[in-house]
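Numbers for residues simply follow the sequence, beginning at 1.
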Amino acid sequence: MKFGEHLKANISPEYGEKPYLDYSGLDDIIRDLAQMAPSGADLNVRYTSLTTPPQTNAQGLAVNNSSATEESFLKMVESELAKVEQFTLEKVTELRNKINATEAKVGVEPNTTIMTLADEIAEDFLRVEKYVNINFMGFHKILKKHDKHLPNNPCKAFYISRMHAQAWVRGDYSDLVVRLSQIYSTLREDHVAPENKDASQSFLRSTTKYWVKTEDVSRVKYAILRHLPVFLQKTSSGESDSQFTNSVYVDNDQLELYHGRLDKSPGAIALRLRWYGVGEPTTVFVERKTHNDKWTGEVSVKERFMITDAEVQQVMKNTYPIAQKKQEMLAKGKTQKEADEWEQLVREITQVCVSKQLVPTMRTQCMRTAFQIPFDATVRVSLDTNLCMISERGYDLDDMKVWHRKPNWILEQDEIHRFPHAVLEIKLELKGGNMTPPKWVTDLQNSGLLYECHKYSKYCHGCAVLLPEDVQSVPYWVDDVSLRESIIASGGSRILVDGKAPGANMVYDHLLPFGDVTDDRREAAVGRTSASVAASKGLIGAKADNAAASAISFDNPENMVYYNDEEEDGDGNQLCSWPFPFCSNHNYSDAVMAPTSIQKIEPKVFFANERTFLHWLHHGVILSTIAAGVLSFSDASGETWGEWYALALLPISLGFCMYATHVFLWRADQIRSRVPARWDDPFGPMVLGGSVVLILFVNFVTKLYEISQFNKEEL
């Protein structure tokens, strides 16, 4: 579909066609100019004459005053830019007025009425953002088309830069999000949890990370704030929904911590210095993240303590006055246990900084929006936008007095990398191993707006892109096609490949949210919607289309298709799917792998598959041994029925062995590809077990008959 048709198809009925970019009018001017082939201006001529006729075009023909001119195109672009900007600002003003009216009704009118009004405001805001995005894309398209057909008079770079400076593009309307969040929070009657004021704070949680397209950020924010309040941030201009966040990661020249985190080695750590807000840091959080494999019974832990900017050098040089600080903590009322735990953490971090010769290596920078009930970590959601990575190498540390780049330093192109997506983290508090998320979290995961990137790390990504000469291996997600342009722009092209992704991505290419260069899924990729549910059930073709037809708008909870491994259709569509007669009535296809839903694999799963295989073979051998024994004794005694009984058991024992081999290979393939579906087979064991029961029952009835006949003969 051409963009002009796409624009018409996406015109909002509430707005009509008039406020939108006149794409067809601008396109007509470009076509007329392209036919006349105007020549470019002579840049060397510095004088002109008011009585000289206009310059001829590139064909040497005189230019008619009534013909379309470059000036008419530029004037129309200016007019369209002003029109879109004015309409956007008018709609934003209307939204603020609606919020004012709604806030005045809180506590006066019923909550259901207020909720309806808040939902309408949110829908209006999303409609305005869609309007802005479609026009923003339209200007990009038409200016690109102009420069393509009229290369002598390029103008795209100028107008794109100007457009980014206008209020309808650069405007920050997060105050609408903040006020909507406050309305929803009031309706939910959220309560502030008691604050944890421990100097040493430990977090035991399960975290899942997702990529979010820029155009979907507002929709995701709206979906979350209906259930969790925005954690408000104080700024110089008032309250905002996001906070400027910097994290400086430390490592040594060999990038030992990077490779440990990338390989997920047991006990691998990451150390960072984090501060919030713009300008120079005052309070700094020293954080340590320790990786542990869940299957070992341990969980990954994040621990941190606070210091001042001036104390960073002492921590990095292991001269931090731990004993003195501990006494100050006890004097302020901290318990001995809290002080001891804090001391142990600080000593471990300061010692590892010296022993491993850690220095500032990589900084991540973003605007973080946090959603949570204050001081309640049961469910926390964070959304990082404007994410970029900055190299912290190449300057004099001055004996650790300088540990991050100053704001006024100029960055080279290969010293900064701008990540093209927002990053969403859903953090659930660990409670007895039960990590079942609330229903609204499942709804969000199934919305199609999130693209799960398994074990994504901002630090690992930054090191791989900005320090390509120093890394020995790179994370799998760098092969994702949506990251390619940004990686090349940052000078990291050496970590990319032109063809099929090598290594693990040859096997796990479905883990890339948008595919690689040979399988570009940017236009077709969806998040965890009905499409991934259909894939998890093995539905392809028309069946998948039917499933997609039932997965409706995310805005209507009644029509939501939920991802649930335990969901049952009643028609057997969730059974294992390999072409075996009694296993399933449909097949899996590698082409319909769920794009974001990733089945978590623990090492014991492979051994469990082998152990199950051996158990089935064991029972098959036992049955064949019994059949062989019965057959040999029946030959000796001349009993015909014994021969038939043995011959019936032998095929069943062979079936056990064949079935065991089939399930072992099928389940090994499921483990390899991590298909998010059931890995058991409810039908196979029932069929084989039923056959054995049937043979034993027939044998039992036959023996009863023989005994009754023998008794009659005796009488």
Problem - For Tyr459, ring-ring contact (aromatic ring centres under 6.0 Å, His included) partners two or more places apart - result: Tyr249
Exercise for the section: Measure from the side-chain N and O atoms of Thr283 to the backbone N and O of Thr308, and report whether any donor-acceptor pair falls under 3.5 Å. Expected result: no
Practice task
Quick one: list whatever passes side chain to side chain donor-acceptor pair (under 3.5 Å) with Asp414, sequence neighbours left out.
Solution key: none
Handout entry: Polar side-chain atom of Ser490 near backbone of Ile416 as donor-acceptor pair, under 3.5 Å
Key = yes
Handout entry: Minimum side-chain heavy-atom gap Ile349-Phe305 below 4.5 Å
Key = yes
Exercise for the section: Please tell me if the side chains of Gln365 and Ile390 come closer than 4.5 Å, counting only heavy atoms from C-beta onward. Expected result: yes
Handout entry: Pair Phe244 and Tyr276, ring centroids less than 6.0 Å apart
Key = no
Handout entry: Test item: His259 side-chain N/O and Gln472 main-chain N/O as donor-acceptor pair under 3.5 Å
Key = yes
Practice task
Determine the minimum heavy-atom distance between Ser473 and Tyr258, stating which atoms define it.
Solution key: O-OH, 2.8 Å
Problem - Side chain to side chain, Leu397 and Trp403, heavy atoms closer than 4.5 Å - result: no
Problem - Gap separating the CZ atom of Arg272 from the CZ atom of Phe285, nearest 0.5 angstrom - result: 11.5 Å
Handout entry: Enclosure of Met400 CE (heavy-atom neighbours >12, cutoff 6.0 Å)
Key = yes
Exercise for the section: Identify, with sequence neighbours excluded, every residue that meets salt bridge (Lys or Arg N to Asp or Glu O under 4.0 Å) alongside Glu215. Expected result: none
Practice task
Verify, without hydrogens or angle tests, whether Ser265 (side chain) and Ala268 (backbone) share a donor-acceptor contact under 3.5 angstrom.
Solution key: no
Completion exercise
Sorted by chain and residue number, the salt bridge (Lys or Arg N to Asp or Glu O under 4.0 Å) partners of Glu343 (sequence neighbours excluded) come out as Lys326, Arg347
Completion exercise
Residues passing the side chain to side chain donor-acceptor pair (under 3.5 Å) test with Gln313, sequence neighbours excluded, are none
Practice task
Step through it carefully: locate the ring centre of Trp409, locate the ring centre of His404, and say whether they are under 6.0 Å apart.
Solution key: no
Handout entry: Residue pairs passing the salt bridge (charged side-chain N to carboxylate O under 4.0 Å, His left out) test where at least one lies in residues 400-412, sequence neighbours excluded
Key = Glu280-Lys406, Arg405-Glu415
Practice task
Kindly write out the residues that satisfy ring-ring contact (aromatic ring centres under 6.0 Å, His included) with Phe419, not counting sequence neighbours, or none if the list is empty.
Solution key: Trp211, His421, Tyr456, His461
Handout entry: Evaluation steps, salt bridge (charged side-chain N to carboxylate O under 4.0 Å, His left out), between Lys317 and Asp399
Key = CA-CA 9 Å; Lys317 302 289 291 184; Asp399 198 28; 2.9 Å; yes
Practice task
Name all residues meeting the side chain to side chain contact (heavy atoms under 4.5 Å, CB included) criterion together with Glu348; count only those two or more places apart in sequence or in a different chain, and write none if there are none.
Solution key: Arg288, Gln344
Handout entry: side chain to side chain donor-acceptor pair (under 3.5 Å) partners of Arg274, counting only residues at least two apart
Key = Ser247
Problem - side chain to side chain donor-acceptor pair (under 3.5 Å) partners of Gln314, counting only residues at least two apart - result: none
Exercise for the section: Output yes when a side-chain donor or acceptor of Thr364 lies under 3.5 Å from a complementary backbone atom of Met362, and no otherwise. Expected result: no
Practice task
Only counting residues at least two apart or in another chain, list the ones meeting side chain to side chain contact (heavy atoms under 4.5 Å, CB included) with Arg494.
Solution key: Pro468, Glu469
Problem - Residue pairs involving residues 381-396 (criterion salt bridge (charged side-chain N to carboxylate O under 4.0 Å, His left out); sequence neighbours excluded) - result: Arg363-Glu392, Arg368-Asp384, Asp384-Lys458, Arg393-Asp470
Problem - Sidechain-backbone polar pair: Asp216 side chain, Leu449 backbone, donor-acceptor under 3.5 Å - result: no
